[in-house]
2 protein chains.
Amino acid sequence: MSKKQATIQDIARELKITASTVSRALNDHPKISKKTKDKVWKTAHELNYQPNTVASNLRKGKGNTVGMIVPRINRHFFSNVITGVESVLNPAGYNLIICQSEEKYQKEVENVETLISNRVSGILISLSIETLNTKHLQKIINSQIPLVMFDRTESKLNISQVVNDDEAGAYEMTCHLLEQGYRDIMWMGGPRTSSIYHNRYLGYKRALEEYKVPIEKMHCFEGPSTLVAALEYMRIFLKNNKLPDVVFATSDYMAMGTIQALQEAGLQVPKDVAVAGYSNEPFAALIDPKLTTIEQFSEEMGRATARLLLDQLLSETDEPVPRKIIIKPKLIIRETTRKRKKSNTFIKK
Amino acid sequence: MSKKQATIQDIARELKITASTVSRALNDHPKISKKTKDKVWKTAHELNYQPNTVASNLRKGKGNTVGMIVPRINRHFFSNVITGVESVLNPAGYNLIICQSEEKYQKEVENVETLISNRVSGILISLSIETLNTKHLQKIINSQIPLVMFDRTESKLNISQVVNDDEAGAYEMTCHLLEQGYRDIMWMGGPRTSSIYHNRYLGYKRALEEYKVPIEKMHCFEGPSTLVAALEYMRIFLKNNKLPDVVFATSDYMAMGTIQALQEAGLQVPKDVAVAGYSNEPFAALIDPKLTTIEQFSEEMGRATARLLLDQLLSETDEPVPRKIIIKPKLIIRETTRKRKKSNTFIKK
DNA sequence: AAAATAAATGCAAACGTTTGCATTGTTTAA
DNA sequence: TTAAACAATGCAAACGTTTGCATTTATTTT
């Protein structure tokens, strides 16, 4: 139909008024008469006018888009954080542009540059597993763009952040395992260069120390936080080592891989070896036996992160004081860590 | 550090040359001498220059962002499609801005308007469950923005699209069930106003007709495609009806709800009632017994969708011929539809 | 009825790039 | 040596809005 998008000028020409009046009318400026507003609205509609946000943003020197960088979108945890973020940003009039770093440092740097170039109003980021330095974050700060980190953060930078209390989560889980009577507790997780796995290890360690269980004897596996990595590692491990009482996998996917390896080896969970996970992925409650794990309240994390950003966006002070919000995770005890043997067949009512 | 973002002008001033030269230098224009290019690059770096994409886009009348509207980001299927889309769009120099309609028509309309206002280069969309009319899509077309629909599409509009062959998937699944000897096959799915469930019903019907099994006697449940909806429905259903041979849930979540209801009632899967799903969600292979379902090749769908869009973006013809790509799904036979009884305990090797 | 006030609109510059065309300086051909 | 050709850069307008200030028109006050 329309060859070119209609502009404010087209409306002005049509109505024999000036572009400024049209602009003000469209923005419901109080000094424009009801009559012209109505006319403007009418012809805007007739001409199929769609405001040009990019022109508007350029002129105003700001926009309403915030950028969000996550390692992967298809992790339950992150997609829920995103949902939480949108639930507070959208009502506040902001749109979200989502970028995936795919756990690559290089990609993360590129994402940052794109967002800066697009002059987003703010940036939310959870660091990739590879990210060890923070030059790119410094760029954001230099560009005066409000920044909030979440989940996988870098504490050296003095930036607002919201994190899970991974130390506490791992501590609670380990205590639970110890109370069940397990002593030989194998730890498994992603690279401890990442804050989350580092802290999940610390919590584990603290619990062991409290219970005076020597940590030196424990087996640990640090590798990619995936089902197959755990599966392959455990296949070999089970051939060469004596069985631990329980495997504490600090990721549900690794827990799943562990369970599969145990099953392949003809072992029963939790009778022969117990297993615990972390994150409460949707499948955790669906598998049999049901997986004991840690709930992270990911949506709440998203909301908190977004609120922290909004604070910075709304307060006009140049140097807002950085805040840190810590979300307490919750231990969810299900079947894979039950001390007493239980039937693995379907429950009869 | 820098109070304001440096602009091309700042670089020009510093070097006592003109902004146009700087612009050309930054874009590696052949007519600019190596010497000035080097100087420009150097001071750009010193001044911490970040190009202003929004100004650039405004001037050029185009950008490198494409918008994507999905019902929800935290569905395995969609997040995988997104991954597929990015894997072809990013190398081509495009960024993705993702919007969620949350299955609401109103939200979808707003998303469309935002994307048009932001003058995205193209739009990819999968319709919300509520979406029954396509005025908003017409707006996109009127705005001359290339559009590709995927998965949940509207065939009346003459637009490029890539869909799963849901009819074939449901047909194959139903045939599989019939071959296993099941005759009383209950169908379950989301609202059939949505193309996908409509087609999944059609395939089911065709298979029954071919096998001369009267469809009139079958029970059907059409409701929200969620675990709880299926669970609640089945709880009541099981109290008042004779058991079907198998429940064909055209969504894995509904299959899961069905299984839980059956288990609550003390029934065994697949011994007492078999169950089939659709989508091959990650948990399908993880639950016990493992769920028979349909693989949809979601990432491939994303790649195909993105390629269709790229075609339109690159070809300068105003009216590209709309293309339709149909992706064949694959039947994945696992345990929940095994005719012979099998132990539900862990497999001993 | 003139002056003062208020209400509505117009003018023009600006946001940071890009780009066709003009200009300058430099080299080559005749 | 001069004209022609080329290489490198400058000039200025444009993209579609927004906005401070000036101007016009309508309304009220004296």
With sugar-phosphate taken as primed atoms, P, OP1 and OP2 and all else as base, the protein-contact string of nucleotides 11-17 of chain D at under 4.0 Å (heavy atoms; B, S, -) is BBBBBBB
Give the rounded distance in Å between these two atoms: NZ of Lys35(A) and P of dA7(C).
16 Å
Under the 3.5 angstrom rule, does the side chain of Asp38(B) hit a backbone N or O of Lys35(B) as a donor-acceptor pair?
no
Name of the residue among Lys135(A), Arg119(A), Lys139(A) meeting salt bridge (Lys or Arg N to Asp or Glu O under 4.0 Å) with Glu113(A)
Lys139(A)
Under a plain distance cut-off of 3.5 Å, with no hydrogens placed, do Thr131(B) and Glu108(B) share a side-chain donor-acceptor pair?
yes
Just the rounded figure in Å: distance from P of dT19(D) to NE2 of His29(A).
9 Å
Within the supplied structure, the quantity of interest is the number of heavy atoms (other residues, nucleotides, ligands) at a distance under 6.0 Å from Lys104(A) NZ; does it exceed 12?
no
May I ask you to say what Thr36(A) touches in the nucleic acid, namely base, sugar-phosphate or nothing, with a heavy-atom cut-off under 4.0 Å?
sugar-phosphate
Check the side chains of Thr36(B) and Ser33(B) for a donor-acceptor pair under 3.5 angstrom, ignoring hydrogens and angles.
yes
Taking NZ from Lys31(B) and P from dG25(C), how many angstroms apart are they, rounded to a whole number?
18 Å
Quick one: is dT9(C) close enough that its OP1 or OP2 comes under 4.0 Å of any side-chain N or O from Ser33(A)?
yes
note: Lys34(A), atom NZ; dA26(D), atom C1'; distance rounded to Å ~ 20 Å
Check: Ser79(A) main-chain N/O paired with Thr83(A) side-chain donor or acceptor under 3.5 Å:
yes
Nearest whole angstrom, please: distance from the C1' of dA7(D) to the NZ of Lys37(B).
12 Å
Using five pairs at either end of the helix from dA1(C)-dT30(D) to dA30(C)-dT1(D), determine the angle between the two local helix axes and round it to 10 degrees.
50°
If only atom types and distance count, is the side chain of Asn52(B) paired as donor or acceptor with the main-chain N or O of Val54(B) below 3.5 Å?
yes
Atom-pair distance (CG on Asn57(A); C1' on dT19(D)), nearest Å:
16 Å
Check: Ser160(B) side chain, Arg323(B) main-chain N or O, donor-acceptor pair, under 3.5 Å:
yes
To the nearest 0.5 Å, how far apart are CZ in Phe78(A) and OG in Ser126(A)?
4.0 Å
